[in-house]
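Read the structure below first, then the notes.
Chain letters run A, B, ... following the sequence lines, proteins first and then strands; every chain starts at 1.
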Amino acid sequence: MEEEKKSLNFLEQIIEEDLANGLPQEKLRFRFPPEPNGYLHIGHAASICLNFGLGLRYNAPVNLRFDDTNPAKEEQEYVDSIKHDVKWLGFEWDKELYSSDYFQQLFDWAVQLIKEGKAYVDNQSSEEMAKQKGTPTELGTNSPNRDRPIEENLALFLQMKNGEFEEGSHVLRAKIDMKHVNMHMRDPIMYRILKKHHHRTGNDWCIYPMYDWTHGESDYIEQISHSICTLEFKSHRDLYDWYVDQVYDTSNLRPKQREFARRNLSYTVMSKRKLLQLVEEGLVSGWDDPRMPTISGLRRRGYTPASIRNFSDTAGISKRDNVTDVALLEHCIKDDLNKTAPRVMAVLDPVKVIITNYPKGEEEFLDANYNDYAEGFGSRAVPFSREIYIEKEDFREEANKKFFRLKLGKEVRLKNAYIIKAESCVKDENGEVTEIHCTYDPNSLSGSGTEASKRKVKGTLHWVSVKHAINAEVRVYDRLFTDEAPDGHKDKDFKDFINPNSLTIIDAFVEPSLKNSKNLDRFQFQRLGYFCVDKDTTSTKLVFNRTVPLRDSWAKMDN
RNA sequence: UGACCUAUGGUGUAAUGGUAGCACUCCGGUUUUUGGUAUCGUCAGUCAAGGUUCGAGUCCUUGUAGGUCAACCA
């Protein structure tokens, strides 16, 4: 059989081209370079799947490199969560590295640049420097310190390093071109003074390298062949190349930066700043709130690593701005869970059914498959008795032919149990149905093989036995925002679109087999959706998150 | 009054000058002891105008639209 040719994305095409032009395959090396200043989200997952996917595809190593050059924002907590998330997604990095590992090397190279007359110390205020920088349409002007003698620069830079200056008083700048059409080339800052404790280097340094100076050189040190980042860094590429060229030795590989469009998802926001805002203002319970688009939020919500990987592959990558429909993500998790989740029964909005011809005090345990349509899931015993709960919406006193559920005088099948017929109902003073009285057909037990058990009845309902049901808190989620692109409105704040009903907490009844479920166990609650055990679960209280509801074509018809 | 990037069904992505395809969404049929799943199908697209070419989504020109760039952030 001929293997189907899979089309390449534009980055794979670039790599193929490089290989065709003589780059040896064993020189291929990638990296995922997060700044440890927040939690990873589904957009990062795109980058992770992309870089590690390339590693797998080309049998090339992929480094996990923490871009930790700003001690003001970075914390060990974030490092730990990032490592956990990458592992959880199912990827293995070659080396765990930190930009801060290269502080000494970067410093030495900076000294070299000063000696070559390619860098200088500027002691103007940031306002003055900003003014000289110009704008995208106006050229910049030179700093009065631009031609400071090399010896003086060297001495000042050393003083900066030794902590002899205040924060903000001096910077080291690359001497490139203040009239360059690219703003990033107008004598960019290489080092600033920051008298802050660093999560790894402690107080060893009080000058810290800027992103641009750090990133290309780190790629070069690690001999990354393809340094893949998002589109907003496109204009940094000139500078990336300039910096690398200052230290590039032709016997080594010269890394190449290429950019792709970041992944956006409909009905949510993706910037770390905005996500942080949601957390800090208490609009969600934390970074791992199941409504958050973070990896930890999705995990807690019940998403599987495979579903997220599959989403990334399916969505693909390109260079155009995009807002991917969250329906695709939901499709991916439903697709995975449909194949892997055991099916059980839970009633979220209960009404009591009394089976009047079932003997009082009697109970029986019915064998129920965890999955009727696939092998290997096994089964459990589900208790049945005279009183059960069904969903309120599964009963109507009267309804037309399209209503396949329980109505007076009609029959339905109870999943894994008997066929019952509604005879009458009891209502409270508000007209709400409080009890439904039914009779059952004792010969109709599921799987018993009797004539009666094979009767075709149109509806099948899920249920739990009143006596055996266990209580569970079920958290039902809706999208966090009511707008498709909450941060896409110039005149409105993204928080104006917060959905006030994004979380509904329900006291539900679940079948007793669920009693000992553990955190992150995933189930299909039949006819309702996929649910996942939440970490708030204790030995006395079960808590479930609804990952995603099942498709409900009846709800659409009924409206 | 700049430079750079991007424009393919509602959404996301292929087509590497040669039949515009795939997935999601929507809608409909079949199957079904989940109104689920599965399966079959329908609707729907190359931003515009010129040019090159036997042939253009692809190359060129000019528009138009969107995005990015002026942190001692990354």
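Along RNA chain B, the nucleotide nearest A:Pro136 and the nucleotide nearest A:Phe233 are compared for position; the residue whose nucleotide lies closer to the 5' end is A:Pro136. Toward the 5' end of RNA chain B, the nearer of the two residues A:Ile193 and A:Asn322, judged by each one's closest nucleotide, is A:Asn322.
Close to B:rC24, at under 4.0 Å from its OP1 or OP2, lies no side-chain N or O of A:Thr314. Using a 4.0 Å cut-off, no side-chain N or O of A:Arg258 falls inside it from OP1 or OP2 of B:rC5. Within the 4.0 Å cut-off from OP1 or OP2 of B:rC73, not a single side-chain nitrogen or oxygen of A:Arg273 is found. Considering only side-chain N and O atoms, A:Arg527 lies under 4.0 angstrom from the phosphate OP1 or OP2 of B:rG35. For the OP1/OP2 pair of B:rG36 and a distance below 4.0 Å, the side-chain nitrogens and oxygens of A:Ser553 include at least one atom meeting the criterion. The phosphate of B:rU6 has OP1 or OP2 within less than 4.0 Å of a side-chain N or O from A:Lys319. Distances shorter than 4.0 Å separate some side-chain N or O of A:Lys456 from OP1 or OP2 on B:rU33.
Comparing B:rU68 with B:rU62, their C1' atoms sit 23 Å apart, to the nearest whole Å. To the nearest whole angstrom, the two C1' atoms, one in B:rC47 and one in B:rA65, are 8 Å apart. The same atom, C1', is picked in B:rC73 and in B:rC5; the two are 23 Å apart, to the nearest Å. Using P as the reference atom, B:rG45 and B:rC22 are 15 Å apart when rounded to the nearest Å. As rounded to the nearest Å, B:rU30 and B:rG12 have C1' atoms that lie 29 Å from one another. Here, B:rC24 and B:rG41 have their P atoms 14 Å apart, quoted to the whole Å. When the C1' atom is used for both B:rG57 and B:rG18, the distance is 13 Å, rounded to whole Å. B:rU16 and B:rG10 are spaced 23 Å apart, taking the P atom of each and rounding to whole Å.
Counting non-hydrogen atoms under 4.0 angstrom, A:Gln524 reaches a base of the nucleic acid. Residue contacts shown for A:Glu166 are absent, as no nucleic acid heavy atom lies under 4.0 Å away. Residue-level contact check: A:His184 touches the backbone only, with heavy atoms under 4.0 Å from sugar-phosphate atoms and none from bases. When heavy atoms are screened at a 4.0 angstrom cut-off, A:Leu414 is found touching no nucleic acid atom at all. The residue A:Leu231 sits apart from the nucleic acid: no heavy atom pair falls under 4.0 Å. The residue A:Gln13 sits close to a base: some heavy atom pair falls under 4.0 Å. As judged by a 4.0 angstrom heavy-atom cut-off over every strand, A:Lys195 is placed among residues making no nucleic acid contact. Nucleic acid contact class of A:Ser446 (heavy atoms, under 4.0 Å, all strands): base. Within the 4.0 angstrom heavy-atom criterion, no nucleotide atom of any strand lies near A:Asn37. Using a 4.0 Å heavy-atom cutoff across all strands shown, A:Gly447 reaches at least one base atom of the nucleic acid. Among the heavy atoms of the strands lying under 4.0 Å from A:Ser126 is at least one base atom, whether or not backbone atoms are also near. A:Phe403 comes within contact range of at least one nucleobase, with a heavy-atom separation under 4.0 Å. A:Met210 comes within 4.0 angstrom of the backbone, heavy atoms only, and of no base. Contacts of A:Thr135 with the nucleic acid, taken as non-hydrogen atoms under 4.0 Å apart, include base atoms.
Pair assignment for B:rA44: none, as no Watson-Crick or G-U wobble contacts are both less than 3.5 Å. Pairing of B:rC22, defined by two Watson-Crick or G-U wobble distances under 3.5 Å, is identified with B:rG12. Figure legend. B:rC69 is base-paired to B:rG2; pairs are counted as Watson-Crick or G-U wobble with both atom distances under 3.5 Å. Judged by Watson-Crick or G-U wobble contacts below 3.5 Å, the nucleotide B:rA7 has B:rU64 as its partner. Pairing for B:rG57 is absent, judged as Watson-Crick or G-U wobble with the two contacts each under 3.5 Å.
Put simply, CZ on A:Phe531 is 16 Å from P on B:rG36, counting in whole angstrom units. Spacing between atom CG of A:Leu528 and atom C1' of B:rU34 amounts to 9 Å, rounded to whole angstrom units. Across the protein-nucleic acid pair, A:Lys556 atom NZ and B:rC26 atom C1' stand 8 Å apart, rounded to whole Å. If you take CG of A:Asn264 and C1' of B:rG12, they are 12 Å apart, rounded to a whole angstrom. Rounded to a whole Å, the CZ atom of A:Arg343 is 7 Å from the C1' atom of B:rU37. B:rU32 atom P lies 15 Å from atom CZ of A:Arg413, rounded to whole Å. Atoms CH2 (A:Trp205) and C1' (B:rC72) sit 17 Å apart, rounded to a whole Å. As rounded to whole Å, 14 Å separates atom P of B:rC4 from atom CZ of A:Arg186.
Among the nucleotides B:rG10, B:rA14, B:rG35, the one closest to any side-chain atom of A:Phe404 is B:rG35. Counting only heavy atoms from C-beta on, A:Lys234 has its side chain closest to B:rC5 among B:rA70, B:rC5, B:rU25. Looking at the side chain of A:Arg263, the nearest of the listed nucleotides B:rG2, B:rG12, B:rU34 is B:rG12. Side-chain atoms of A:Asn338 lie closest to B:rG36 of the nucleotides B:rG36, B:rG12, B:rC24.
Annotation: A:Phe311 is not in aromatic contact with A:Tyr303 [ring centroid separation under 6.0 Å not met]. In summary, the aromatic rings of A:Phe107 and A:Phe157 are positioned with their centroids under 6.0 Å apart. Ring centers of A:Tyr370 and A:Phe377: at least 6.0 Å apart, outside the cut-off. Checked against the 6.0 Å centroid threshold, A:Phe66 and A:Tyr78 do not count as a close aromatic pair.
The ring of A:Tyr373 does not lie on top of the base of B:rA38; it is either too far (5.5 Å or more) or too tilted (30° or more). The aromatic ring of A:Trp554 sits over the base of B:rG35, with ring centres less than 5.5 Å apart and planes inclined by under 30°.
The pair A:Asp122-A:Lys175 does not count as a salt bridge, with every side-chain nitrogen at least 4.0 angstrom from each carboxylate oxygen. The pair A:Glu35-A:Lys73 does not count as a salt bridge, with every side-chain nitrogen at least 4.0 angstrom from each carboxylate oxygen.
A distance of 10.0 Å separates CE of A:Met183 from CG of A:Leu139, quoted to the nearest 0.5 Å.
Ring pair A:Tyr208/A:His198 is parallel by interplanar angle, where below 30° counts as parallel and above 60° as perpendicular. Ring orientation note: the planes of A:Tyr39 and A:Trp287 are close to parallel, at an angle under 30° on the 30°/60° scale.
Between the side chains of A:Glu74 and A:Asn37, not a single donor N or O lies within less than 3.5 Å of an accepting N or O.
No N or O donor and acceptor, one from the side chain of A:Arg551 and one from the base of B:rG35, sit under 3.5 Å apart.
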